[in-house]
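Read through the structure below, which is laid out as structure tokens, and then see the notes.
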Amino acid sequence: MAVFTGTTRGGSEWTPEFIESINHKNCIGCGRCYKVCPRDVFELVERDEIEDLEEGGEDWEEDGFDDDVVYVMSIADKEDCIGCAACSRVCPKDCHSHATLEIAA
Ligand code: SF4
Ligand code: SF4
């Protein structure tokens with residue numbers, strides 16, 4: 001296996017880092033990643049929807065999660081990501097995790 005890479009216009013090697021997950025506990029729903037993303041990767045969802053989807057259905061209020069925050073960012077279409085990592089650069093809470101893409105050598 002090899003890591004998928006591309007090049008800049010000037011010919012320098014560039015390795016895309018694709019979105020893997022969002023830390024919903026840290027997300028404040030500011031929408032910065034949604035605005036900067038050049039693809040249709042993200043969507044804002046109600047926090048309750050995420051709680052229902054996440055394994056074990058954690059009680060975030062007991063963890064001190066701010067109940068005033070109604071929305072959190074979610075990944076709507078991971079497959080549309082181009083690996084630019086712009087979302088990570090604008091997030092004030094360091095919520096995004098990325099990974100390189102393994103391809104057959
Ligand atoms: S890495 Fe780029 S394309 Fe992928 S989700 Fe983040 S901003 Fe969007
Ligand atoms: S930039 Fe970070 S804190 Fe703001 S909505 Fe996106 S993931 Fe949440």
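Numbers for residues simply follow the sequence, beginning at 1. Order of listing sets the numbers, starting from 1, for every ligand and every atom in it.
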Side-chain heavy atoms of P38 within contact of C84, under 4.5 Å
yes
Taking side chain as C-beta onward, heavy atoms only, is S21 less than 4.5 Å from S97?
yes
F42 heavy atoms within 4.0 Å reach ligand 1 at atoms 5 (S)
Quick note on ligand 1: atoms under 4.0 Å from a heavy atom of H98 include exactly 1 (S)
Between H96 and F42, is the gap from one ring center to the other below 6.0 Å?
yes
Under 2.8 Å from atom 6 (Fe) of ligand 2, can any N, O or S atom of C33 be found?
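Of the N, O and S atoms in C33, at least one lies under 2.8 Å from atom 6 (Fe) of ligand 2, which means yes.
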Counting distance only, does the side-chain N/O of H98 pair as donor-acceptor with the main-chain N or O of A85 below 3.5 Å?
no
Give a yes or no on whether the backbone of R39 and the side-chain of D80 come within a donor-acceptor separation of less than 3.5 Å.
no
State whether C37 contributes an N/O/S atom found under 2.8 Å from atom 4 (Fe) of ligand 1.
no
Output the distance between atom SG (C33) and atom CG (L44), rounded to the nearest 0.5 Å.
7.5 Å
CZ on F18 to NZ on K78, rounded to 0.5 Å:
12.0 Å
Report, in ascending order of atom number, the atoms of ligand 2 lying under 4.0 Å from any heavy atom of C95.
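Those atoms are 2 (Fe), 7 (S).
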Under the criterion side-chain contact (heavy atoms from CB on, under 4.5 Å), I'd like the reasoning laid out for I28 against K93: C-alpha separation, chi angles, the key distance, then a yes or no.
CA-CA 8 Å; I28 56 173; K93 303 296 282 184; 4.2 Å; yes
Under the side-chain contact (heavy atoms from CB on, under 4.5 Å) criterion, do E102 and F4 qualify, and how do the steps go?
CA-CA 6 Å; E102 299 275 326; F4 175 73; over 6 Å; no
Judged on heavy-atom distance to atom 1 (S) of ligand 1, which of A86, A76, A85, P38 sits nearest?
A85
Of the backbone and side-chain N, O or S atoms of H96, does one lie nearer to atom 2 (Fe) of ligand 2 than 2.8 Å?
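Looking at H96, which is the residue asked about, there is no N, O or S atom under 2.8 Å from atom 2 (Fe) of ligand 2.
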Nearest non-hydrogen protein atom, [atom]:
{"atom": "atom 4 (Fe) of ligand 2", "answer": "C30 SG, 2.2 Å"}
{"atom": "atom 3 (S) of ligand 2", "answer": "I28 N, 3.5 Å"}
{"atom": "atom 2 (Fe) of ligand 2", "answer": "C91 SG, 2.3 Å"}
{"atom": "atom 8 (Fe) of ligand 2", "answer": "C27 SG, 2.4 Å"}
{"atom": "atom 6 (Fe) of ligand 1", "answer": "C87 SG, 2.4 Å"}

State, to 0.1 Å, how close W14 and G83 come at their nearest heavy-atom pair, and which atoms those are.
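Minimum heavy-atom contact is CZ2-O, 3.7 Å.
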Would you say V36 touches ligand 1, if touching means a heavy atom closer than 4.0 Å?
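Judged by the 4.0 Å heavy-atom criterion, V36 does not count as contacting ligand 1.
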Assess V90 for proximity to ligand 2: is some non-hydrogen atom of it under 4.0 Å away?
no
With heavy atoms and a 4.0 Å threshold, my read on which part of V41 contacts ligand 1 is side chain
